[in-house]
2 protein chains.
Amino acid sequence: MDEQRFEDRLQAFIEEIKQEDQMTEKQRSILEAAIKLFASKGFHASSTSEIAREAGVAEGTIFRHYKTKKDILIAAVAPVIVKIAAPYILKDIRTITEARAEKSFADIVTELYRNRLSLLEANEKHFRILIQEAFFHEELRETLLQTVAKEGKQIIQRFVEQRIEAGELRPLPPEVLMRIVLSLLLGMVAFKYVVGKEEFASLPEEEQIDLTVDILMNGISQR
Amino acid sequence: MDEQRFEDRLQAFIEEIKQEDQMTEKQRSILEAAIKLFASKGFHASSTSEIAREAGVAEGTIFRHYKTKKDILIAAVAPVIVKIAAPYILKDIRTITEARAEKSFADIVTELYRNRLSLLEANEKHFRILIQEAFFHEELRETLLQTVAKEGKQIIQRFVEQRIEAGELRPLPPEVLMRIVLSLLLGMVAFKYVVGKEEFASLPEEEQIDLTVDILMNGISQR
DNA sequence: GTCTATAACTCGATAGAC
DNA sequence: GTCTATCGAGTTATAGAC
């Protein structure tokens, strides 16, 4: 019964966000406070009174704008999915599919890695919430997988298959290739954010990416 | 003030776990119920009354055994750190350092990947809690990084350096090599558990590992 | 600011093991 | 009969909701 509501809400928010300048001052500060708190303490550990205090509004004001606490979560997370994740994935897909022969696989992947890392850096807090809450709220996880994984999978696979046929890549199973490419990205992200910046980052990020792509291409390109 | 207490508690639990058969029936069922709930809903979303119901005990009984709810979390997670993470890391380190010239880098990595994936499979719930709560509880994150990252880093780096000197691996920065090796493992885990089994696993796990190692070795080995 | 539910946690009563 | 594990109603605080 809740999954349906979530889809509806998401649709509603897509509309709402399109004219998001209509958001009041208070509404915006509530969302900002919520994002900050959710990202640092998690959804359940952040109380609405805390959000109100942080936002500098009365607690009642929160419920004027968002019916439930969960609505705040959705309002915080939905834009990330519809504004950031989806368009960027579509953009990538375009970039990848349109770059038929002009660009090398290495260049495309390098660009992909750079995109992703800077995107993540710019929206760190949102993604934190997204990842954490996706663990528990199946609605979110489903929406994410539907948006990200399923749509992306086919196109990337087809593209990889083309590159294999063209003799640029080794004839490996496409989904394995895809996994490897994404694993290395995921690994860079994990080391950057989880393990810590100081401990491991002996090289500047640019070089990290270049080296990673170099190793990747040695591993997957056709001799 | 809390970090100190955590270390103390951890020490206490290390002792406790060593004679863990002294655990009463109830105590064990409380822990089991808590692990189940924490893993599926998270720490804050699981109430003690729920844990009690799930475990088939009175709520008061919980607090006879665990002073606070957080103690249950620690009791659930501490064994993973002290019983599973630490010994396995030590075992790996042994495996790696003792396999001087006899074993190829590829064989060692293959073994590492297999180990890790089956270890994860056997303790999925515990690791779920560990990862989720490590996001928020700095104590846990610190303990983990101290136990896992720091200790492992030096040894693996030294080993990788030896393999480079021996001409088996390309002269890449050791921490980059390490990141790549771990990224591919992380990626396999992520695809297995997050993205889902059916969607992507067209190949059996054994072959996935072998292919991954093959690609890795093409990428990092010296010609 | 107020209401209601529920959270974590307490403690005296109880009952079975030795 | 004491002792130890258990029960569960009761306490206090604070959550979300309006």
Side-chain angles (χ1 to χ4, degrees), chain A residues 1-2 5-6 9 12 24 26-27 29-77 129 132-133 136-137 139-140, chain B residues 1-2 5-6 9 12-13 16-17 19-77 129 132-133 136-137 139-140:
Chain A
M1 65 186 259
D2 217 34
R5 274 173 70 213
F6 179 76
R9 281 175 184 172
T24 71
K26 302 269 181 191
Q27 211 167 343
S29 66
I30 289 168
L31 251 192
E32 266 170 36
I35 288 167
K36 184 178 165 189
L37 284 168
F38 289 170
S40 72
K41 313 173 64 181
F43 177 71
H44 282 287
S46 315
S47 69
T48 49
S49 62
E50 237 177 328
I51 295 169
R53 204 184 323 124
E54 177 77 32
V57 300
E59 200 176 345
T61 312
I62 289 178
F63 294 97
R64 290 203 139 275
H65 294 292
Y66 306 99
K67 262 178 81 79
T68 70
K69 192 184 161 193
K70 193 159 190 176
D71 279 345
I72 310 177
L73 176 64
I74 293 168
V77 157
I129 300 176
Q132 288 157 12
E133 300 310 328
F136 303 117
H137 304 287
E139 321 146 334
L140 278 186
Chain B
M1 63 186 260
D2 217 36
R5 274 172 70 213
F6 179 75
R9 281 175 184 173
F13 274 110
E16 194 176 304
I17 285 151
Q19 334 124 355
E20 71 173 348
D21 309 76
Q22 286 181 4
M23 247 200 258
T24 71
E25 185 88 359
K26 303 274 177 190
Q27 208 168 345
R28 186 174 287 283
S29 65
I30 289 167
L31 249 192
E32 266 169 35
I35 287 167
K36 184 180 164 187
L37 285 169
F38 289 170
S40 71
K41 315 174 61 181
F43 177 71
H44 281 288
S46 315
S47 69
T48 50
S49 63
E50 237 178 327
I51 296 169
R53 204 183 325 124
E54 176 78 33
V57 300
E59 202 176 344
T61 309
I62 290 178
F63 294 96
R64 288 272 129 201
H65 294 291
Y66 306 99
K67 260 178 82 78
T68 70
K69 192 186 163 193
K70 195 159 191 176
D71 279 345
I72 310 177
L73 175 65
I74 294 168
V77 156
I129 301 176
Q132 287 156 11
E133 299 311 327
F136 302 117
H137 304 286
E139 320 146 332
L140 280 186

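Numbered from 1 within each chain, the chains take letters A, B, ... in sequence-line order.
One atom, CZ of F63(A), and another, C1' of dT2(C), lie 13 Å apart when rounded to the nearest Å. Here the C1' atom of nucleotide dA7(C) and the NZ atom of K70(B) are 16 Å apart, to the nearest Å. Rounded to whole angstrom, the span from the CG atom of L73(A) across to the P atom of dG16(D) amounts to 12 Å. Atom NZ in K67(A) sits roughly 10 Å away from atom C1' in dA17(D) (whole-Å rounding). Atom-to-atom, NZ of K69(B) to P of dC9(C) comes out at 8 Å; the value is rounded to the nearest Å.
Within the structure, the salt bridge (Lys or Arg N to Asp or Glu O under 4.0 Å) test picks out the following pairs touching residues 51-60 of chain B (sequence neighbours left out): K36(B)-E54(B).
A search for salt bridge (Lys or Arg N to Asp or Glu O under 4.0 Å) contacts involving E32(B) returns nothing, not counting sequence neighbours. Partners of S40(B) under the side-chain hydrogen bond (donor to acceptor under 3.5 Å, both in side chains) rule, at least two apart in sequence or in another chain, do not exist in this structure. In this view, H44(B) satisfies the ring-ring contact (aromatic ring centres under 6.0 Å, His included) rule with no residue, not counting sequence neighbours. For K67(A), there are no salt bridge (Lys or Arg N to Asp or Glu O under 4.0 Å) partners two or more places apart in sequence or in a different chain. Applying the ring-ring contact (aromatic ring centres under 6.0 Å, His included) rule to F43(A) yields the partners F38(A), H137(A); only residues at least two apart in sequence or on another chain are considered. Partners of K26(A) by salt bridge (Lys or Arg N to Asp or Glu O under 4.0 Å), not counting sequence neighbours: none found. For A55(B), the side-chain contact (heavy atoms from CB on, under 4.5 Å) partners two or more places apart in sequence, or in a different chain, are S29(B), I30(B), A33(B), V57(B).
Within residues 32-44 of chain A, no residue has a heavy atom under 4.0 Å from DNA chain C.
Using a 4.5 Å heavy-atom threshold, the side chains of Y66(B) and I74(B) count as separate.
Across K41(B) and A45(B), no two heavy atoms sit closer than the pair O-CB, 3.3 Å.
Considering only side-chain N and O atoms, T48(A) lies under 4.0 angstrom from the phosphate OP1 or OP2 of dG16(D).
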Next on the checklist: Each nucleotide in nucleotides 3-14 of chain D should get exactly one letter: B, S or -. Can you fill that in based on protein heavy atoms under 4.0 Å?
Outcome noted: ---BSB------
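The line from CD1 of I62(A) to CD1 of I51(A) is 5.5 Å long, rounded to the nearest 0.5 Å.
An angle of 10°, rounded to 10°, separates the two end axes of the helix from dG1(C)-dC18(D) to dC18(C)-dG1(D), each defined over five pairs.
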